[in-house]
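For reference, the structure discussed in these notes is given below.
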Amino acid sequence: MASGTGQRIFLTGATGFIGAYVLRAAIATGHEVDALSRSKSNADALISPGVKVIAGDLSDREGAWREAVRKADAVIHLAQPQTFGGRVTKERARQYCLRRLDMDRALFEAIDPAKTRQIVYVAGTSYYGDCGPEIRNETAVPHPRGWGPYLAPAIESLPDYVARGLPIVAAFPGWVYGPGSWFAQYVLEPLRDGRPVYGLQGPPRYTSPVHVEDCARALLHLTGHGEIGSRYFIVDDLPVPGERLAEIAAKALGVRGHGRKLPFALLKLLSGHVIADSLAYENRLSNHRLKSTGFSFAFPSCEEGVPNAVQQWLINQSDRNR
Ligand SMILES: NC(=O)c1ccc[n+]([C@@H]2O[C@H](COP(=O)([O-])OP(=O)(O)OC[C@H]3O[C@@H](n4cnc5c(N)ncnc54)[C@H](OP(=O)(O)O)[C@@H]3O)[C@@H](O)[C@H]2O)c1
């Protein structure tokens with residue numbers, strides 16, 4: 001089924017950074033969305049034509065959300081325990097891992113494979129982690145880094161669920177930048193306030209970013225075009241050194257901007273092991289498989305995408321200050 005032909009989509013993580021864009025893209029292309037949220041105030045912000053807000057917590061095995069899931073043509077699963085903000089220690093990441101596994105299990109148990117044609121499971125490229133200097137595809141041997149080791153148990157459970165009949169397609173977004181989440185907190189706000197953007201000492205390490213709008217459109221696209229049991233990287237055409245995103249953002253904001261490169265031990269002290277490790281490896285990935293399904297990017301590189309994200313962020317800021 002094409003992704004623009006009016007499916008009923010059950011969306012977890014609808015109130016999150018990427019989920020908000022998936023919701024918008026889904027409604028704009030004529031889908032109906034059952035959008036899950038645990039919080040009444042978050043959920044109220046989702047109310048719009050084509051959206052049915054489902055109050056619920058994936059950890060609640062008896063929740064009414066289970067009925068909505070059973071009616072879905074497609075499920076896009078973005079919900080995750082909180083990741084960013086504050087220091088991310090290994091212990092915090094271990095708790096994340098356990099909670100994520102539990103949420104996945106609850107969701108998968110509730111899905112009716114006779115009704116639901118596609119489940120797009122959203123993972124992350126930190127699972128592939130250290131890929132060295134070559135551009136890799138989805139068949140590369142993973143060397144999880146950063147959040148990757150804590151995502152690995154969930155990702156490695158997916159083949160068992162597929163074997164049990166669940167139509168899962170696994171999506172691996174790279175560094176998803178846009179006018180919120182980590183990009184606002186660690187890059188845009190420091191640039192605006194004249195604070196340094198922290199990085200890791202040593203040679204530039206390449207990473208594979210993607211604009212949040214492209215990421216959202218790609219997830220929606222995979223509900224119609226992804227092959228069950230396959231993995232898809234959602235990344236720009238070309239990897240870039242991690243600090244390039246801040247350089248482009250500084251230019252778009254019209255500020256000089258200064259990066260401050262710290263040794264691993266100091267970065268770890270400031271932000272925790274997991275975040276420090278997220279900056280410590282090379283991850284150059286190919287979007288060839290995604291493009292071969294017919295997907296095209298609105299922002300194929302961060303040279304085009306970051307100025308757009310900055311513009312959106314500035315508009316949000318001035319709306320908030322009004
Ligand atoms: N952001 C990135 O750069 C990036 C990169 C690669 C991959 N990813 C992956 O993309 C996915 C979404 O990331 P994001 O940054 O958009 O997430 P996010 O902003 O942290 O949002 C998390 C969402 O999960 C929901 N949630 C948390 N616990 C829940 C529970 N027990 N039951 C139901 N819903 C729950 C929250 O909804 P309520 O609080 O409203 O209930 C919220 O909407 C994640 O799987 C992440 O690993 C993200």
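For ligands, and for the atoms within them, numbers begin at 1 and follow the listed sequence. Because the structure is predicted, anything quoted here is derived from the model rather than measured.
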### Message
When you measure from the heavy atoms of Thr12 to every atom of ligand 1, does any distance fall below 4.0 Å?
### Response
no

### Message
Under a 3.5 Å cutoff, is there a donor and acceptor pairing between the side chains of His273 and Thr89?
### Response
no

#### Entry: Contact atoms of ligand 1, heavy-atom distance to Ala79 under 4.0 Å
24 (O), 25 (C), 26 (N), 34 (N), 35 (C)

### Message
Less than 4.0 Å is my threshold; does some heavy atom of Phe183 fall inside it relative to ligand 1?
### Response
no

### Query
At a 4.0 Å cut-off, with the gap strictly under it, does some heavy atom of Met103 reach an atom of ligand 1?
yes

### Query
What atoms in ligand 1 come closer than 4.0 Å to a heavy atom of Ala123?
7 (C), 8 (N), 9 (C)

### Query
Below 4.0 Å from any atom of ligand 1, is there a heavy atom belonging to Ala43?
no

### Task
Salt-bridge test for Glu243 and Arg205: reply yes if a basic N is under 4.0 Å from a carboxylate O, no otherwise.
no

### Query
Any N/O of Gly124 closer than 3.5 Å to an N/O of ligand 1?
no

#### Entry: Numbered atoms of ligand 1 (with element) below 4.0 Å of Ile18, judged on heavy atoms
10 (O), 13 (O), 16 (O), 48 (C)

### Query
Could Arg284 and Glu282 be called an ion pair, given the rule that one side-chain N must be under 4.0 Å from one carboxylate O?
yes

### Query
Which atoms of ligand 1 sit under 4.0 Å from any heavy atom of Asp57?
30 (C), 31 (N), 32 (N)

#### Entry: Interfacing atoms of ligand 1 (cut-off 4.0 Å, heavy-atom, Phe17)
1 (N), 15 (O), 16 (O), 19 (O)

### Task
Would you mind telling me if ligand 1 is within reach of the side chain of Trp182, the backbone, both or neither, using heavy atoms under 4.0 Å?
side chain

### Task
Specify side chain, backbone, both or neither for Leu36, according to which of its non-hydrogen atoms lie closer than 4.0 Å to ligand 1.
side chain

### Message
Can you confirm, on distance only, whether ligand 1 has an N/O atom lying under 3.5 Å from any N/O atom belonging to Leu151?
### Response
no

### Proximity to ligand 1 by part of Arg99, non-hydrogen separation under 4.0 Å
neither

### Query
Using heavy atoms and a threshold below 4.0 Å, how should the contact between Ser126 and ligand 1 be classified: side chain, backbone, both, or neither?
neither

### Query
Just going by heavy-atom distances, which of Ala216, Gly16, Ala55, Pro173 is nearest to atom 21 (O) of ligand 1?
Gly16

### Query
If we ignore angles and hydrogens, is there a donor and acceptor under 3.5 Å between the side chains of Glu213 and Gln312?
yes

#### Entry: Gln7 and Thr223 side chains, donor-acceptor separation under 3.5 Å
yes

### Query
Who's closest to atom 6 (C) of ligand 1 heavy-atom-wise, of Gly56, Gly174, Ser37?
Gly174

### Task
Using a strict cut-off of 4.0 Å, indicate which atoms of ligand 1 neighbour a heavy atom of Ser59.
31 (N)

### Query
Between Asp130 and Arg145, does at least one N-O distance fall below 4.0 Å, as a salt bridge requires?
yes

### Query
Can you name the residues that form a side chain to side chain donor-acceptor pair (under 3.5 Å) with Glu156, not counting sequence neighbours?
Tyr127

### salt_bridge(Arg99, Asp102) N-O dist < 4.0 Å
no

### Query
So Tyr161 and Phe108, would you call those rings parallel, tilted or perpendicular, with 30° and 60° as cut-offs?
tilted

### Query
Does even one non-hydrogen atom of Arg100 get within less than 4.0 Å of ligand 1?
yes

### Query
Which atoms from ligand 1 have a heavy atom of Thr15 less than 4.0 Å away?
36 (C), 37 (O), 38 (P), 40 (O), 42 (C), 43 (O)

### Task
Considering only NZ, NE, NH1 and NH2 on the basic side and carboxylate oxygens on the acidic side, decide whether Arg70 and Glu67 come within less than 4.0 Å.
no

### Query
For ligand 1, which part of Leu58 has a heavy atom less than 4.0 Å away: the side chain, the backbone, both, or neither?
both

### Message
Quick one about Asp104 and His77 (side-chain donor to acceptor, distance below 3.5 Å, no hydrogens or angles considered), yes or no?
### Response
yes

#### Entry: Nitrogen or oxygen of Trp175 less than 3.5 angstrom from that of ligand 1
no

### Task
Measure the distances from the heavy atoms of Ala20 to every atom of ligand 1 and state whether one is below 4.0 angstrom.
no

### Message
Can a side-chain donor-acceptor contact be found between Asn287 and Asp237 if the only test is distance below 3.5 angstrom?
### Response
yes

### Task
Please work out whether the ring planes of Trp147 and Tyr150 are parallel, tilted or perpendicular, with thresholds of 30° and 60°.
perpendicular

Show the atom names and distances, to 0.1 Å, of all donor-acceptor pairs under 3.5 Å that link a side chain in residues 44-55 to residues at least two apart or in another chain.
from	atom 1	to	atom 2	distance (Å)
Asp44	OD1	Lys40	NZ	3.0
Asp44	OD2	Lys40	NZ	3.1
Ser48	OG	Leu46	O	3.4

### Summary
Here the atoms of ligand 1 under 4.0 Å from any heavy atom belonging to Gly13 are 23 (C), 24 (O), 43 (O)

